Trainee: 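This structure is in structure tokens; I'll ask about it shortly.
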Amino acid sequence: MNLTMTIILIAAILSMVLALVSFWLPLITPDHEKLSPYECGFDPLGSARLPFSLRFFLIAILFLLFDLEIALLLPLPWGDQLTTPTLTFLWASAVLILLTIGLIYEWLQGGLEWAE
């Protein structure tokens with residue numbers, strides 16, 4: 001057998017073994033929280049018109065913002081292959097400084113305090 005067939009065979013066998021183990025291994029003990037359709041802690045039988053906390057949205061937006069920051073800075077190591085790597089570094093530094101200033105501002109204003 002050549003190397004490609006060996007790798008495919010090992011991957012297939014490993015996948016089947018892991019799939020079979022995942023069916024046999026877990027203990028099935030349903031309780032109230034596992035059977036609930038919501039994982040966020042809201043009562044599924046109550047009113048669907050309850051307002052969310054504004055702080056919940058703030059934390060969610062901050063999470064998305066810093067997740068986007070990582071996505072924007074991910075290609076940065078390849079930026080030194082460009083003709084002007086210093087300019088690439090300056091733009092990345094400007095993004096990081098702007099986000100850091102925004103985070104410090106939110107922190108000082110008390111926007112990150114979860115409980116009053």
Side-chain angles (χ1 to χ4, degrees):
M1 263 206 267
N2 59 9
L3 183 62
T4 306
M5 287 303 295
T6 305
I7 291 174
I8 291 173
L9 184 65
I10 289 173
I13 290 172
L14 186 61
S15 298
M16 284 189 280
V17 167
L18 289 174
L20 289 173
V21 167
S22 71
F23 283 117
W24 288 329
L25 191 60
L27 298 173
I28 300 174
T29 54
D31 59 355
H32 176 69
E33 292 175 1
K34 285 185 181 179
L35 295 176
S36 174
Y38 298 104
E39 297 177 2
C40 58
F42 292 113
D43 182 20
L45 302 175
S47 173
R49 303 284 181 211
L50 292 175
F52 280 107
S53 171
L54 204 56
R55 296 189 189 277
F56 175 79
F57 286 115
L58 177 67
I59 299 297
I61 288 172
L62 283 174
F63 175 77
L64 289 175
L65 182 68
F66 284 103
D67 195 34
L68 179 66
E69 169 209 354
I70 291 172
L72 288 174
L73 296 178
L74 207 58
L76 189 60
W78 290 281
D80 62 352
Q81 303 294 326
L82 299 174
T83 56
T84 57
T86 309
L87 184 64
T88 306
F89 176 73
L90 287 175
W91 278 107
S93 298
V95 168
L96 282 176
I97 290 170
L98 184 65
L99 287 173
T100 304
I101 290 172
L103 181 65
I104 291 171
Y105 176 76
E106 283 292 326
W107 195 337
L108 293 177
Q109 292 296 319
L112 299 177
E113 298 293 327
W114 191 256
E116 303 261 343

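All figures in this text were calculated on a predicted structure; none of them were measured in a lab. Count residues from 1 along the sequence.
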Trainee: Does L14 sit in a hydrophobic cluster with other residues, and if so which ones, taking ILVMFWY side chains as linked at heavy-atom separations under 4.5 Å, directly or through other members?
Mentor: L18
Trainee: Which residues satisfy the side-chain contact (heavy atoms from CB on, under 4.5 Å) test with T83, sequence neighbours excluded?
Mentor: none
Trainee: In chain order, what residues pass the side-chain contact (heavy atoms from CB on, under 4.5 Å) check against I97, with sequence neighbours excluded?
Mentor: I101
Trainee: Mind checking whether L98 and L65 sit in one hydrophobic cluster, side chains of I, L, V, M, F, W, Y counted as touching below 4.5 Å?
Mentor: no
Trainee: Can you tell me how far CG of L3 sits from CD1 of I8, rounded to the nearest 0.5 angstrom?
Mentor: 10.0 Å
Trainee: For a quick test of reading the model, state the closest non-hydrogen atom pair linking T6 to N2 and the distance between them.
Mentor: OG1-O, 2.9 Å
Trainee: Can you name the residues that form a side-chain contact (heavy atoms from CB on, under 4.5 Å) with A92, not counting sequence neighbours?
Mentor: L73, L76
Trainee: Where is the tightest heavy-atom contact between A19 and F23, given as atom of each residue plus distance?
Mentor: O-CD1, 3.1 Å
Trainee: Which residues end up grouped with W91 if you chain together Ile, Leu, Val, Met, Phe, Trp and Tyr wherever their side-chain heavy atoms are less than 4.5 Å apart?
Mentor: L87
Trainee: Residues two or more places apart in sequence or in another chain: which of them pass side-chain contact (heavy atoms from CB on, under 4.5 Å) with F66?
Mentor: L62, E69, L99, L103
Trainee: Could you grab the distance from atom CG of L20 to atom OG of S15, nearest 0.5 Å is fine?
Mentor: 11.0 Å
Trainee: Connecting only ILVMFWY residues whose side-chain heavy atoms lie within less than 4.5 Å of each other, what is the rest of I104's hydrophobic cluster?
Mentor: L108
